[in-house]
4 protein chains.
Amino acid sequence: MPKSTFFNLPQAKRERITELAIEEFSERPYHRASLTRLVARAGIAKGSVYQYFDDKLDLYRWLLTEEVPRRKLAHLRAEAEAAPPTSLRGFLRQAVLSGVRFMLANPRLSQLAAAVTMPTDDPELRALYAEVLAQGHAGFTTMLRGMVQAGQLRDDVDPELAARVIASVLGIGLRDIVLGQLGVDMLALLREPSMAERLDDAALERLVDGVLTILVDGLAPPP
Amino acid sequence: MPKSTFFNLPQAKRERITELAIEEFSERPYHRASLTRLVARAGIAKGSVYQYFDDKLDLYRWLLTEEVPRRKLAHLRAEAEAAPPTSLRGFLRQAVLSGVRFMLANPRLSQLAAAVTMPTDDPELRALYAEVLAQGHAGFTTMLRGMVQAGQLRDDVDPELAARVIASVLGIGLRDIVLGQLGVDMLALLREPSMAERLDDAALERLVDGVLTILVDGLAPPP
Amino acid sequence: MPKSTFFNLPQAKRERITELAIEEFSERPYHRASLTRLVARAGIAKGSVYQYFDDKLDLYRWLLTEEVPRRKLAHLRAEAEAAPPTSLRGFLRQAVLSGVRFMLANPRLSQLAAAVTMPTDDPELRALYAEVLAQGHAGFTTMLRGMVQAGQLRDDVDPELAARVIASVLGIGLRDIVLGQLGVDMLALLREPSMAERLDDAALERLVDGVLTILVDGLAPPP
Amino acid sequence: MPKSTFFNLPQAKRERITELAIEEFSERPYHRASLTRLVARAGIAKGSVYQYFDDKLDLYRWLLTEEVPRRKLAHLRAEAEAAPPTSLRGFLRQAVLSGVRFMLANPRLSQLAAAVTMPTDDPELRALYAEVLAQGHAGFTTMLRGMVQAGQLRDDVDPELAARVIASVLGIGLRDIVLGQLGVDMLALLREPSMAERLDDAALERLVDGVLTILVDGLAPPP
DNA sequence: CATGAATGAGGTTTCATTCAT
DNA sequence: CATGAATGAAACCTCATTCAT
């Protein structure tokens, strides 16, 4: 957790530092991200980072467990439809759409969140990643269990298994699909977010429906 | 590509170096992997690495584009059934089973291959990852296109999209699923491969069939 | 010297700061002691230290030249026997006993006082240490000169030399002896002062008499 | 222990580095000694130190446990008289004389050796100091035990206690006495070793005999 | 008299790569 | 083809001190 120092900062300064930190950590794996570069860009002294955070990991952890979820939630709330979906298709459609839109609107946060699936030898980092992953997985499983009880999910499917499959498709899968459609790699999108606009609404709908069909109805042709 | 000096090496030495390189690069992200540590374990001189390879990236590229595919192919061949599958279910079943078995038998290679989905700011590394990803994707797409023509795949599904969905499930998805079942993280499995045996054949069948059902028949209950 | 602000402080606050300063400076060499840690423990602002003292050295100097001697003197007074000793043996016995008891009762002060024998490259620190050392030496020499005149000390011994020998034995020597008997190192004693109780009165008497015999009668067997 | 790299160095270079390391570590407490300064003076790259030693502590440990004892032994051998002393007085005289001469001839080594009596909060450093101290103490005790058996030592004196008393006198005590006679502090002597010459042979004899008398015959006047 | 954010120098350590032998 | 010493940039982190409020 950041120290109180950080929260006492003038909002503008705090937000600039936050934004630059997100920039720094989203463009590189944790150990390549550099506080030296961060402070140089932020125009603050090196020691100041240690006034705000315990250390590099503390800053990173805050981004991952607080700032990213906070912004993701804000995005979800803003997008939430009047009536929450009740069908499996509706639920998944909202999840997929929301996932894609969030990624296109906030590639950096999306990238940060994706980093937790990366393997690493650093024990502390691994613990952090495991914690974040477990949280996300638990949420998915709970939702799917509800679907099963409502008869929305075929009963020969293990909800936990389904959760992992969906999670991988919505996570890495969607990222690759969207980037493939855009014809750029992630870093290019991070540095030029306006590229997201290349994907118009029609294309996005086609994409989402395609993924939806696969997840809901399967790959096999209808009998 | 390795220099000729590397291939002129006594086979035993070359293989030991290869094995240790796989160990080093599979346990950490590229920039955390250390040639210093590699040569220390291999008992060779630091300069020798530069006799065999242009630089660190050259060694890594060789592992990723030559050594890993070579071993993967060998694994596939060894597992290939007499009659290649003709149905979608059969084809996917073989792909999923093969994927899981390969991962359990060769966690290090599996891990190496998974690294290409990691984002990085290093331009050369990015180019390498993009190349490897494209190759894998092309293979999948080709196979699926054949399935479409054979009427095995529902015709309202874009083969390229399906390829990405399947790839993500077979890649990150399966890894997480298996690790979840084993109750360990990747590094633990790398360092203690015998943990794979905890997953007996019955459990593995259940797991594969579960994933298969989702992919082939979808998540929705049959009408 | 502390500024007037320090002495204007509520007694409780001043004493808490003093106690924590003694703790901080007794556990580490001067340059490893950290004002940052001190204020964190004391729950005061960093700047406050500079309201009370000129700088780090000023605080340290005050401890060494004022606070430690003040407490040492208080200890001596409390222990002083009705009749001050007149014989060499009596005088030394009181000195040795007092030294040991003070150390066991106040390991932190004892440790602080011992630090002045440490070499350092810091010129200001060196000056401080030299001053403290000279004071102590002067006191000893004066007392021994008196003994010589009273015929208590053998006349072929230079009082100044004897002062230094006694000082080293009562300083570093006793510390090592006591710690050796306790079977702990200094830091352990600082952090767990109750360890001092392991040395019961009988053992302490034996120890003191042993040292006394050596100093008074020498190491050689009586003729 | 230094790496083989260090011992493979050209002798001149190795000795220059050794000398500068002794200089650096003798003038300041361990944590103030700076590898940055050392390499700057030695004219070598920062990384080179880590080719020769594991880390800062490894270098320091080598100085303390290998290089200093080696040179001390060489000094002792060079000074050893034809006939080893058999009486307590003879034994102590040689010890005292040797101690003083070594200190005057090698103030830096003497200072290094004295550092082990300094308290520190660094756990690794404490372990190192404890080890060195224990070695020295064991040697002294053994010698004194022999004296007891030969009837050279009064039998009402605990050899272990006597060892500590003598050690403190020969250690810190002698250092202070000599420095007091020279009228300089340790750092001054380190930086201008020729100051040692101010103490001519006669003065040195007087000093040694004074300390000897105190230790052997005690402070009390003969009956 | 209190506060605590800002500073920036300085510390140790790791690393890929070069090059002379 | 092997060797391994040398290099120096870059990393994270700690600290005493200042100063505006």
Side-chain angles (χ1 to χ4, degrees), chain A residues 3-6 8-10 13 31-40 43-59, chain B residues 3-6 8-10 13 31-40 43-59, chain C residues 3-6 8-10 13 30-40 43-59, chain D residues 3-6 8-10 13 31-39 43-59:
Chain A
K3 305 180 182 177
S4 61
T5 323
F6 183 61
N8 292 342
L9 241 38
K13 185 172 187 178
H31 278 104
R32 290 269 289 173
S34 153
L35 295 188
T36 303
R37 186 165 31 206
L38 172 59
V39 298
I44 61 176
K46 229 179 218 172
S48 293
V49 175
Y50 293 85
Q51 298 273 13
Y52 309 146
F53 300 91
D54 286 335
D55 50 22
K56 186 183 177 182
L57 186 61
D58 189 39
L59 163 52
Chain B
K3 305 179 181 176
S4 62
T5 47
F6 183 59
N8 291 342
L9 242 37
K13 185 171 186 180
H31 277 104
R32 292 265 290 171
S34 151
L35 294 188
T36 304
R37 188 165 32 206
L38 172 59
V39 298
I44 61 175
K46 205 103 159 262
S48 293
V49 175
Y50 291 84
Q51 301 271 12
Y52 310 146
F53 300 92
D54 287 336
D55 51 21
K56 188 183 177 183
L57 185 62
D58 190 37
L59 162 53
Chain C
K3 305 179 182 177
S4 62
T5 48
F6 184 59
N8 291 341
L9 242 38
K13 184 171 186 179
Y30 175 75
H31 277 105
R32 291 266 289 171
S34 150
L35 294 188
T36 304
R37 188 165 31 208
L38 171 59
V39 297
I44 60 175
K46 205 102 160 262
S48 294
V49 175
Y50 291 84
Q51 301 271 12
Y52 310 146
F53 301 92
D54 287 337
D55 50 23
K56 187 183 178 183
L57 186 62
D58 190 38
L59 162 53
Chain D
K3 304 180 183 177
S4 60
T5 323
F6 184 60
N8 292 342
L9 241 39
K13 184 170 186 178
H31 278 105
R32 290 268 291 172
S34 151
L35 296 187
T36 302
R37 186 164 32 206
L38 171 60
V39 298
I44 61 176
K46 231 178 215 173
S48 292
V49 175
Y50 292 85
Q51 298 274 9
Y52 309 146
F53 301 90
D54 285 336
D55 50 23
K56 186 183 176 183
L57 186 61
D58 189 39
L59 162 52

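Chain A is the first sequence line, chain B the second, and so forth, proteins listed ahead of strands; every chain is numbered from 1. All figures in this text were calculated on a predicted structure; none of them were measured in a lab.
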**Q** On DNA chain F, does the nearest nucleotide to A:Y50 precede the nearest nucleotide to D:F6 from the 5' side, or the other way round? Give the residue.
**A** D:F6

**Q** Could you please name the option among E:dA6, E:dC15, F:dA2 that lies closest to any side-chain atom of B:Y52?
**A**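 For the B:Y52 side chain, the nearest candidate turns out to be F:dA2.
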
**Q** Nearest whole angstrom, please: distance from the C1' of F:dA2 to the NZ of B:K3.
**A** 13 Å

**Q** Paired with E:dT7: which nucleotide, if any, by Watson-Crick or G-U wobble criteria at under 3.5 Å for both distances?
**A**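 Pairing partner: F:dA16.
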
**Q** Starting at atom CG of C:D54, determine the distance to atom P of F:dT17, rounded to an integer number of angstrom.
**A**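 Atom CG in C:D54 sits about 10 Å away from atom P in F:dT17.
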
**Q** B:L9 has a side chain; which of F:dC1, F:dA6, E:dC1 sits nearest to it?
**A** F:dC1

**Q** How many whole angstroms separate atom NE2 of B:H31 from atom C1' of F:dA10?
**A**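 Interatomic distance, NE2 of B:H31 to C1' of F:dA10: 13 Å.
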
**Q** Grab the NZ-P distance between B:K13 and F:dT3 for me, whole Å please.
**A**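 The distance from NZ of B:K13 to P of F:dT3 comes to 6 Å, rounded to the nearest Å.
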
**Q** For the side chain of C:S34, counting heavy atoms from C-beta on, which of E:dT7, F:dC15, E:dT3 is nearest?
**A** F:dC15

**Q** Over how many whole Å does the gap from C:L57 atom CG to F:dC15 atom P extend?
**A**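 In whole Å, F:dC15 P and C:L57 CG are 18 Å from each other.
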
**Q** Does a side-chain N or O of C:N8 approach OP1 or OP2 of E:dC1 to a distance below 4.0 Å, or not?
**A**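 Affirmative; the distance criterion is met.
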
**Q** May I ask you to verify whether the side chain of D:K46 and the base of F:dT7 hold a donor-acceptor pair under 3.5 Å?
**A** no

**Q** Using whole Å, report how far CG of D:L38 lies from C1' of E:dT13.
**A**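 Nearest whole value for this atom pair: 15 Å.
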
**Q** Using heavy-atom distances to pick each residue's nearest nucleotide on DNA chain F, tell me which of A:Q51 and B:V49 is more 5'.
**A**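 It is B:V49, whose closest nucleotide lies nearer the 5' terminus.
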
